[in-house]
Each structure stands twice: as C-alpha cells, then as structure tokens.
Amino acid sequence: MTSESKPAHFLQNIIREDLAEGRVSQVVTRFPPEPNGYLHIGHAKSICLNFGLAGEFGGRCNLRFDDTNPAKEEEEYVAAIQRDVSWLGFEWADGAKYTSDYFDQLYEWALYLIREGKAYVCHLNPEQAREYRGTLTEPGRNSPYRERSVEENLALFEQMKNGEMQEGECSLRAKIDMAAPNINLRDPVIYRIKKMAHHQTGDKWCVYPSYDFAHGQSDAIEGISHSICTLEFEDHKPLYDWFIDNLPVPTRPRQYEFARLNLNYTVVSKRKLKQLVDEKHVDGWDDPRMPTLSGLRRRGVTPAAIRSFCEMIGVTRSDSVVDVGMLEYCIRDDLDKNAPRAMCVMDPLKVTLTNYPEGQKEMLSAPGHPVREDLPARELPFTRTLYIEKEDFREEANKKYKRLVLGKKVRLRNAYVIQADEVIKDEAGEIVELLCSVDLDTRGKDPADGVKPKGVIHWVSADHNVDCEVRLYDRLFNDPAPDAGGKNFLDYVNPQNLKVLSGCKAEIGLARAEPEQGYQFERNGYFCRDSKYGTADKPVFNRTIGLRDSWAKEQGN
Ligand code: ATP
Ligand code: MG
C-alpha cells in the first residue's frame, strides 16, 4: 500500500510537506469508530487511509472508540470492531483507546470554560433551544441564561454532575456567538444530562460530553497530528478550532476532510444496517449479504481484496458513487490468483461407467491451481459411479453446446474422456441416470481415434464426496441507489438475494475446508465454507462471487 504505483493523493502531499517543513515530527493518526454497530466497507476506506498513512510515513495510528453516547453503544460492537480492524490487517498503537478514558479531563476542561466565562448552564428546553438557535438565514438569539455568573454556573454544573437534575432539564453550552453564520458556533451544547450506565465507566457519570466537545480534545490528548474525517465534518471545524484555541490542550491537531465511500447497490449507514438486522431481513450483522466487514469475511472475501479495492478507489475531496462492480472485480481478482481449485456438482446426475470395474477406485491427481505451484495438488478418487451436473448433459444439442450429448464424448476435468451411451428415465420422463463408457487411454491425452472432445465438465465420485449445501448469494438490493432521496431502502431488498441448494456433492478434500479459505469451484465460481451453519460432515458453502460479472450482462449494461 505505498504510493509507488499511483500518484500521491492530497493527504499524502500534505503530510510530506508537514514533515519536510518540520511542522510535524511524527505522524499520528487515528480511526475513531462509534461502537454503535459493526464496521462496513465505508469504514474500510477510513481504516486503510488512517493506518495506511501512519504506516507509510513511519508514524502510528490509534484505534479510539468514540463512546460519548451510552444510549446506543454496546460492548459487543467494541469487540467486533477490534476483530474487524485486525482482520483487515492493521495494528493499532498501544491498547485500544476510548473517549471515555478522557471523561475526567473533559469534565475539567468544561469547568475551565465556565471559569473563563466561556460556558454556561442553560435551562432552555430542547424545543426552546431550537427556536433560539435561528436558521441558516436568520441569526439566533441569546439564551436568557447566558449571563449567569461563573459561581452560579459552577454550582449548577456540579448539580448536573451529581444527578440532582432531570434529563433534558438543562445543559452546559459553550458561549460563542448566537449570530455566527455557522450554526455550529451558536452556543453549542457541550454537556448533557444522561442518567444511564456506560459500557466503560459504569455508573460514574450522569453527564456526558457531546461528540463535538469530545472529539477534537481527544485528538489533542492523543497527540494526533492529522485528524482525518469525512466531509460532513468540515462545517464543524471552526467549532473544533474554537475549543482548541480556548482550552489548555497539550497539542494542536489539524483536521482534514475526505469524501466518504458510497457504493451503488449498497447501503452504508450503520443505522440502516442495524435496521436490516433488527427487522430480520438478514441473519445478523455478519450475514454474507451484508456490506459489513464481518459479512464480507463470512462470505469469503479476503482482507487483501478489500485493501486493494480501497487503494483502487483512491482518496479525494469530491463526493461520488463507486460502482460495486469495482469491489467485485477486486474480490474476483484476488481469489483467481490465490484460491485453490476444487470441483463441486450442484445439481447431481448419476453417471455409471459400464466398462469400469465395480468396486475399483483409483486416485487421480489434479493441480491445486493452474499457475500457483505452491498450492498442493488434490487427490480425486475415480470410481464406476460418478456425478455430473444435470445441465451438462443433453440428449440432443447443436454444435454450440460443448458438454455431454447422447452418443458423443466429453472430457471429465482432470480425468478421462467418457461417451454417453444410454439414458435412464423415471416414469415421469426425467433423466435419472446415464450409462457411459470411459476411455482409460485418455488421461492427459486425446483419444486414440484422434477425435478430440470439445467440452470439459466437472464431476465427483458418487462413492467418495462431501454432501453439502451451497448458498448462492446475489446483491442485497436490486436498485442502484436504494436509499437515495426519499426512498425507503427496504422497498429495494432483492427478493432473489439468496438461493439455497441442498444435496450438492463436492470433492472429498473439501471435507477439511476451513471457513475463510476461498476455493474456486471450477466452472462455477468462488466459494468458502460457512462459519456459522453446517456440520462436520455436511458443510455449507457460501458463494463469494461468480466467475464473471453476470449481473452487468443480465441488466443489459
Ligand atoms: P454511519 O453513517 O455508518 O453511522 P459514522 O461516520 O457515524 O457512519 P463512525 O463509527 O463515526 O460512523 O465512523 C468512524 C470513522 O469511519 C469516521 O472517521 C468516519 O469518517 C469513517 N467513515 C464512516 N463511514 C464512512 C464511509 N462511508 N466512507 C469513508 N469513511 C467512513
Ligand atoms: Mg460518526
């Protein structure tokens, strides 16, 4: 993840200059998630950026949980976020940090502002406060509580802290400028009463700092040199600067904004993802259809694929929507290069090789990968009874059909050429079995009569295979912009986003497949064993992605 192959982006240029001109001696960045949901592909962009810059410039990157809101945060999310950042391949400096680690200091700084006459306890209720705030075109009005004395403010804030006031009864506000054109500067709330236990600090506090009051000061405490956030925080920068200018903070972080990642056919908002989970449109945050890092992992996407996607999309200051096809390209490209090959018959049709001895079994060796010699070869038992895909046989077909046709030949992948001699049907006329003959002189060479079969199909032994379930996932949403404008994203959940196939037959070695290890099921796509469902002798395989971009074709693009 260096800039060698790509021109530097604006943040790399800024950092290089800061180092060259001595404004910064060590690069310190941070990734600051709020533990109110699982990380998604959008967060991956921020993680790769923050950890990537620290790595590139010999600095460090903190993982800091921005945990100022006890109402929405949970320990489960803290653990999941740490797992996902590590999985993506990054290490944070020291231990994980929490904004709540700084609650004592932030409280002291709130007192400092009060003593300086720059903060006051305001008894406007939320509705009145909104009214006093003004609008984008009209200035706000001063709160009637704005001129309270320092002593009175100190006493009232003490009461707030001691739980002697009701939630919503009053708040602590910074005294800045009710006529400021930037609404964020119109005496923002810096402390609220919340009589709620916190997952880190327990019952210690019944006042909590606002996100805006906590964020920049936490960066200052940690000595963050480059405080990188998404564009919607640009308007908050004057407020963050005001706090830094008016408090005795140890360092002065500088904020830089970049455009967040938006992906078509995808929702990247924790709130909406949580709704999908809570309303059971999916089977948890790590459902393989989810754009969460844990969902992508369970689906078989590798961290390397996500990192190369983040590298490919780059970092800019202009908002845009990235085609999910780019992510799919990165996933496919990575698996093509690294996933061992295997065979799995999804819709089995029994084949009996009438000229192959009953009870005989020979082991055929097949390459683990077409070019990667470091991937071990596979052993495939070959027997008199086999399975092939139903769709790989037709009684009659034109020349375009390069599979098995009655009276014709086909090559079994990594094995022999067979010929279809006879079809056995049930009473309903369904084909239930094929009687074929095998030419045992065709392993790695053409038949002696010189007639080379046109097609190659996959197969497994009917006696030695892994009975499994295969889950074919498609895009979760069938609309390119499911949550654009006033749309309700739930109306665009793709009803065909999961197809479950049971009774599939995979080659025997897949009994040992580990979750997260991707395989190319030859001629089919990329798959990995599910970590949640299935048993030791009946695994479930998730389709990570197809071999080609079938979606674009079907949509006629
Ligand atoms: P959401 O809208 O999903 O709730 P958030 O910004 O509130 O996202 P945080 O937990 O605060 O979620 O995010 C942590 C960091 O990840 C922030 O610095 C934020 O800028 C970044 N981030 C979140 N979503 C994206 C995205 N789609 N693209 C890039 N960075 C993102
Ligand atoms: Mg946020």
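If you read the sequence from its start, that first residue is 1, and numbering goes on from there. Since this is a predicted model, take the numbers as computed values, not measurements. All values below were derived from every heavy atom in this structure, side-chain atoms included, with hydrogens, water molecules and symmetry-related copies excluded. Order of appearance sets the numbers: ligands from 1, and atoms from 1 within every ligand.
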Q: Answer yes if the side chains of Lys118 and Asn246 hold a donor-acceptor pair under 3.5 Å, and no otherwise.
A: yes

Q. Between Arg471 and Glu469, does at least one N-O distance fall below 4.0 Å, as a salt bridge requires?
A. yes

**Q.** Which of the ligand 1 atoms, numbered from 1, are nearer than 4.0 Å to a heavy atom of Pro33
**A.** 10 (O), 14 (C)

Q.
Give the atom numbers and elements of ligand 1 that come within less than 4.0 Å of a heavy atom of Ser269.
A. 3 (O)

Q) Could an N or O of ligand 1 be found under 3.5 Å from any N or O of Thr230, whether backbone or side chain? A) yes

**Q.** Ligand-side contact atoms (ligand 1) for residue partner Pro32, heavy atom cut-off under 4.0 Å
**A.** 14 (C), 18 (O)

Q) For atom CG of Asp203, is the number of surrounding heavy atoms from other residues, nucleotides or ligands below 6.0 Å larger than 12? A) no

Q) Using a heavy-atom cut-off of under 4.0 Å, does the side chain or the backbone of Phe233 touch ligand 1, or both, or neither? A) neither

Q) Judged by modelled atom types alone, do Glu222 and Tyr102 share a side-chain donor-acceptor pair under 3.5 Å? A) yes

Q.
Under a 4.0 angstrom heavy-atom cut-off, which atoms of ligand 1 come close to Phe31?
A. 14 (C), 15 (C), 16 (O)

Q: May I ask you to check if ligand 1 and Asn36 share an N or O to N or O distance below 3.5 Å?
A: no

Q: Answer yes or no: does an N/O atom from Leu261 fall short of 3.5 Å to an N/O atom of ligand 1?
A: yes

Q. How long is the gap from CD on Gln217 to CD on Glu108, to the nearest 0.5 Å?
A. 13.5 Å

**Q.** Polar proximity ligand 1 side, His40 side, N/O cut 3.5 Å exclusive
**A.** yes

Q: For Ser46, take its heavy atoms, then give the atoms of ligand 1 lying under 4.0 Å from any of them.
A: 16 (O), 21 (C), 30 (N)

Q: Kindly compute the distance separating CZ (Phe243) from CG (Asp241), expressed to the nearest 0.5 Å.
A: 11.0 Å

Q.
Taking the ring centre of each residue, are Tyr240 and Phe213 less than 6.0 Å apart?
A. no

Q | Among Arg260, His215, Lys270, closest by any non-hydrogen atom to atom 9 (P) of ligand 1 | A | Lys270

Q. Looking at ligand 1, does any of its N/O atoms fall within less than 3.5 Å of an N/O of Glu34?
A. yes

